[in-house]
Structure formats: C-alpha cells, structure tokens
Amino acid sequence: MWKEMSPSDWMRRKSNCEAMKSIKTRIILLTLLCTVLVGTVSSVFLYCYISQSQMDAYRETAQQLLKKDANNVNDYLRELQSLCQATFLDSSLSSYIQFERNTLTAQRYTEGLLRQLCLGHKEIELIYLYIPKMQLLYTVPRVSLSLVRADPEAETADWYQRGMENKNLTTLLPVGKRSFYPPGVKNLQTTEFFTMTRTMRNASGTECQAMLSLQVNPDRLISLLSIPEESREAVAIVDADGKTFYTSEPMKMETVCGDQTLRMNGIQYLVLQEKTYGDMSLYKAIPLDTFSQAARRSVTAYIPLLMACMLLLTLTLIAVMEQSVIRPLQKMADVMVGAKGTQHFPRLAANRGDEIGLLARTYNEMSENIEQLINADYTNRLMVKNAQVAALRAQVNPHFMNNLLQSIGTLALENGNMDVYTAITMLSELMHYTYRGDLKTVPLDTELEYMERYIAVQKIRFGDALRYRTEIEPALMSVPVPNMILQPLIENAINYGFRAGVRELNICLRAFRRDGWLHLLVTDDGRGMQPEQLEKIREELSQTRNIDSFGEHIGLKNVYLRLYLTFGEQMNMSVESRLMEGTQVEMSFAVMEWKEEAECIPH
C-alpha cells in the first residue's frame, strides 16, 4: 500500500500527521488548563456541593423510606378492607341480610362468622354489625361474650353516621377513644383504636342493608411507620380534608403540603409527603439540623482525596482524548485520503454515539449517496440509450401500419370495393391521430371530427341501426380538451349497448359549460347494466390512481386516469345506468386555456 502511493499522497499524509500532532498538543494543554481550573473551583465550592449532595441523598433516602411506609400502610388498610368485603361476600350472611331471615340459626351463624373474624386478627378489638331493617346490632368483642340485640340507638353511633354520610362503601374514622359503648362491653384491652366501616347497599346504591364496623388496635399500624428510636422525627396520616387520622406528635398538618418546612417546639422541620390509602397522605417531619450534621460528617472524608483525584483525572482525560478523539480522527483522515479517485468509498466504523460517530455516519451517508449518484448516472445514460432505441422503433411501427393500410386500401379501390376503401382510409386517419404524441390537448371540434370518423367506421358494420347526434354550443368548439377522451366512451356505448337483443342504438354527445367547468355527457339507450355491475364500476373508478390498478373496463379507466393526471382534483367522472334503459357517462373538468407551444393548463 505504501509503495503504491504517489508523491502527492505522501505529502498529504505527512501534512495530516503533522496536523494531528498539533491537535494532540493543544488537547493536552487544554486538558491541563481545565484540570487546574476545575481543581481551583472545586476547592472553593467543595463544601457547599458535598453538603448539598449529602443533604439531597439523605432526603432521598428519607423519601424512599416514607414511600415504603406509605405502601405498608396502604397494604394494611386494604387488607382490613378486604376482610370487610369478604364478610359481606359470604353467601349465607348475604342471604340473611337481604331476605331478612332473622332466625336463631342465622343469628348463630352470623355471630360465629364475626367471632372467627375477630379472633383471626389480633389487632381487631371489637366488631359491630348493624342491620337497619331489623334494627339488629351484633357486638363481638375479643375479650368477652358476644351480644346480639335489637338496638335502634346504634344509628346514633359516630361510625354508623359517618358510614351513612360517606358515598363510598368504606369509611375510616381516626385513631381515638371509643365513642360508643354497648352494654356488657367495657373491658377492652386498649383505650384507643381506629374504625373501619364497610356499608352493604342495595343494587341501586340508595339503601343501606347492613353496616360492618371494625374497631382496630392502632399498634400494628404504628409499627409500620419507621421512626428511629431517640429521634425527633414525627409522622402523621391526614385525610383529603386535612383532618388528622393519626399523629405521633401534635402537628398542624392541614396547612402543610409536601416539601415544606414546619416550625414546631422551637425546631425547624422539613415535611415530606407520600400518598397512601385512598385519598390519605402520610407526612414525616424531620429536623433540618439532622441533614446538616450528616453532610458535615461526609465532607471531611472528601478533602484529602481531592488532589489525588485531580492528578488521576488529568492522566485519565489525556488517555481518553488520545483513544477516543485523536486516533479516530487519524483513521478517518487516512480513509478519506485513500478514497481519492475511486468509485467505491470505504466505510467508517459508526457505532459511537458522540460527535465522532455522527461525523463517521455522515461520511458513510455521503459516500453512499455519491455511489448512488454514480450508479444512477450510469443507469440514466443506459435508459436514455434504450429510450432512443424505443423511440426509433415507435416511429417505425405506426409508419409500417400506415403504409400497410394504404396498400390494403389501394387493393380495395382497384377491386371496386369502396366500403372497404372508405373504412380503411378512416381507420388510417384515426391511427394517425392516435399515434401523434405531440397532440396532448386539442380543440373540442378536432376531437369531435375524429370521433365522427370513428362513428362512420362503426356505421359500416351496423348501418342505420346506429344513430349518433351531438348537442354542443358553438362557443365550446374551440375549448381545449385532452385528446382521445371521447372515443373510449363511444366505443363502450356501442359494444355494451347492442347486447341482449338490442337492435337499434341511439348515442347522444352533449357538452356545456357551467361554473368554469366543461361537462361532456355520452348517453345511449342500449342494454344498460345491473345495479351490482354499476356499483362495481363506480368502486373501481374511485380506486383508479395508477396504471397498475387497470383490469376490466380499460377504456373507461384510461380516460379517468388521464383526466386525473391532467386536472388532479379538478375533475370528476360519474356513471349512471339502468337495465334495458341505457347508460350515461359524464365527465367534467376545469376549462383549460391555451398556452404557447400548443400546451394547455386548467383555468
């Protein structure tokens, strides 16, 4: 490879190497300068930065612990909610409540079910079940006998009234002393509890059928809240209305949102918040001096390491720059130099996500585009040659057919067969009109002239059975139209109109102008079409946007597509037909105006 290099390539490579050495020197000097600057600035702001980061880390840890506590509280309260819900899902109890079957057997079953629920969960101190229609109250304590009695005064209890006021099925009452003491239940193990009430309503939700109330010892709930021993932290659970459900310290939490400070007992606290069960929030108040003390303990460990880190950082940055910047640039320069004078450009490794990788991907894309342009240029030249050959062949084919038709016409004339001579002459003129590539648009009278010749050829076959007339305003004769848009429609009218025993066919061509659009209508009184066939043709026309969609009805689709390519959305074609009554095809498009060199544009 080195031996094949020209002297100019050697000079270019030498220049690149010297440039890369200069870049390397500047990068090393810049790295040293940045390291010294970073070290100086770090020395000044180290204490502030580490203190803040340690405070943020401590705060993040506290927030994560609070979130864990909130999840534990949520899981525990939902567990109690599931117990209440499962009790009402008991089929025997549900049937007893809904159908008011107040039998001794039903009462004993219900009492046993509630007793099982109470004894199965040691934090539940007391269970009430009140059935309003029977005014029957079940009282099941943990430490004494159960009591079943008619007691309408139960409806004055706070847990019942709060349950009736709440639209939700589950209601929570905050931790506090008992507010409802049924007779015979006075020796509970705790003086404070919180209450969870579950309401059983009818299907429409308008009537309370039963209400279950769990009086729960808050010790397990409090154990879920991680409060370090001998700490000054405080926690509180507050509902959506700002009312305290539980608090470890007397705190006014109704005006506190998360990430705010609260001054309590002469100490400044940071208050953290997490959502928990339902619309409740769990708050934790942490003294601010706790954060600063933890930060100061961590700062002293970083200062001795600062100088060693700066030195290590300098050496690391120099090595990284050498490996990740200088060497890739050197390889990139070598590849670019080696690509000179070739039609295939080597590719660079572009698996990096930084600016070097972006530069490599851009070079690869540029190389691919250049190769595509080279290939496209070669392909275009080949296509031009093929098109020239095809154009010469296309000139020969019509010329050959025209000469052949003239020979047949001369033979018919010599034999005295004037009908054949006339038909061949008209056919020759139609072919000449069809093959003229320069006639993209023609005046309407020219199109009509050649259509009349086509009709004349068809009348040789059908005679007087085929009648053709036009209704066109004279002012429209000079309006430009795309050529050969009438012949396919008239041909379809003749081919399909004479079917099914139709012996005579009348074809009418109408043209009029309205709102700047030219309307052309081809109407016949032939066989017509079935509704299913008409709907199929309409659907095919609506999907005709390219030549690949052609199948049946080629002539109709050809006209539609040429109008669409010429006028875009400024055209329309509709087909109407009734069986044994005839068919009408209407095409309309924006009136065209003549431009130079016999071209037309929509007006």
Side-chain angles (χ1 to χ4, degrees), residues 45-82 123 166 168 170-176 192-196 216-302:
F45 293 101
L46 179 63
Y47 179 82
C48 297
Y49 171 76
I50 296 181
S51 298
Q52 185 63 40
S53 62
Q54 289 296 322
M55 290 180 65
D56 292 341
Y58 189 88
R59 176 177 171 179
E60 179 67 21
T61 303
Q63 188 73 42
Q64 292 177 359
L65 291 175
L66 183 63
K67 184 175 182 180
K68 180 181 177 181
D69 293 347
N71 292 334
N72 292 336
V73 171
N74 178 67
D75 294 341
Y76 174 61
L77 294 179
R78 289 195 178 277
E79 178 185 346
L80 294 178
Q81 177 181 333
S82 299
E123 69 270 18
N166 193 357
N168 298 324
T170 303
T171 305
L172 276 175
L173 275 68
V175 175
E192 287 192 345
F193 56 79
F194 68 91
T195 303
M196 175 172 285
V216 185
N217 188 326
D219 290 345
R220 181 180 173 187
L221 176 67
I222 296 173
S223 67
L224 298 175
L225 305 175
S226 56
I227 304 177
E229 296 182 1
E230 300 180 358
S231 70
R232 293 172 295 168
E233 297 180 3
V235 295
I237 302 177
V238 182
D239 61 17
D241 298 329
K243 297 180 180 179
T244 302
F245 178 77
Y246 167 78
T247 178
S248 62
E249 295 288 342
M251 294 188 296
K252 296 181 179 180
M253 304 302 299
E254 58 272 8
T255 59
V256 177
C257 298
D259 299 342
Q260 291 190 6
T261 57
L262 174 68
R263 189 169 188 83
M264 184 172 58
N265 300 327
I267 302 175
Q268 198 76 9
Y269 288 86
L270 174 67
V271 181
L272 303 179
Q273 176 191 8
E274 281 291 343
K275 291 292 184 181
T276 182
Y277 175 80
D279 294 332
M280 291 183 170
S281 296
L282 176 61
Y283 292 90
K284 175 178 282 190
I286 305 174
L288 288 178
D289 57 3
T290 303
F291 294 97
S292 58
Q293 291 174 5
R296 282 194 296 269
R297 287 193 300 266
S298 301
V299 167
T300 55
Y302 287 93

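Remark: Y246 OH to L172 CG distance equals 15.5 Å, nearest 0.5 Å. Taking CG from N71 and CG from L224, the interatomic distance works out to 11.0 Å, rounded to the nearest 0.5 Å. Here the CG atom belonging to N217 is positioned 8.0 Å from the CD atom belonging to E123, to the nearest 0.5 angstrom. A distance of 4.5 Å separates CD of E79 from CZ of R220, quoted to the nearest 0.5 Å. Interatomic distance, N72 CG to L65 CG, rounded to the nearest 0.5 Å: 10.5 Å.
Without hydrogens or angle criteria, Q63 side chain to Q273 main chain gives a donor-acceptor distance under 3.5 Å. In terms of modelled atom types and a separation under 3.5 Å, the side chain of T247 and the main chain of A236 share no donor-acceptor contact. In this structure a side-chain-to-backbone donor-acceptor pair under 3.5 Å is missing from N74 to A70. Under a 3.5 Å cut-off, the side chain of N166 and the backbone N or O of T170 do form a donor-acceptor pair.
For the pair L225/L282, a side-chain contact is recorded, criterion being any heavy-atom separation below 4.5 Å from C-beta on. Annotation: side chain of V73 is in contact with side chain of L221 (closest heavy-atom distance under 4.5 Å). No side-chain heavy atom of K68 sits less than 4.5 Å from a side-chain heavy atom of E274. For the pair S226 and K284, the minimum side-chain heavy-atom distance is below 4.5 Å.
What you find for F193 and P218 is that their closest heavy atoms are CA-CD, 3.7 Å. Taking both residues in full, the closest heavy atoms of S248 and A234 are given as OG-CA, 3.4 Å, listed atom of the first, atom of the second, then distance. The heavy-atom pair separating L173 from T171 by the smallest distance is CD1-CG2, 4.0 Å. In terms of heavy-atom proximity, F194 sits nearest to L77 at CE1-CD2, 4.0 Å. Shortest non-hydrogen contact noted between L272 and A62 is CD1-CB, 3.8 Å.
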Handout entry: Test log, rule side-chain contact (heavy atoms from CB on, under 4.5 Å), inputs V216 and Y76
Key = CA-CA 12 Å; V216 185; Y76 174 61; 3.3 Å; yes
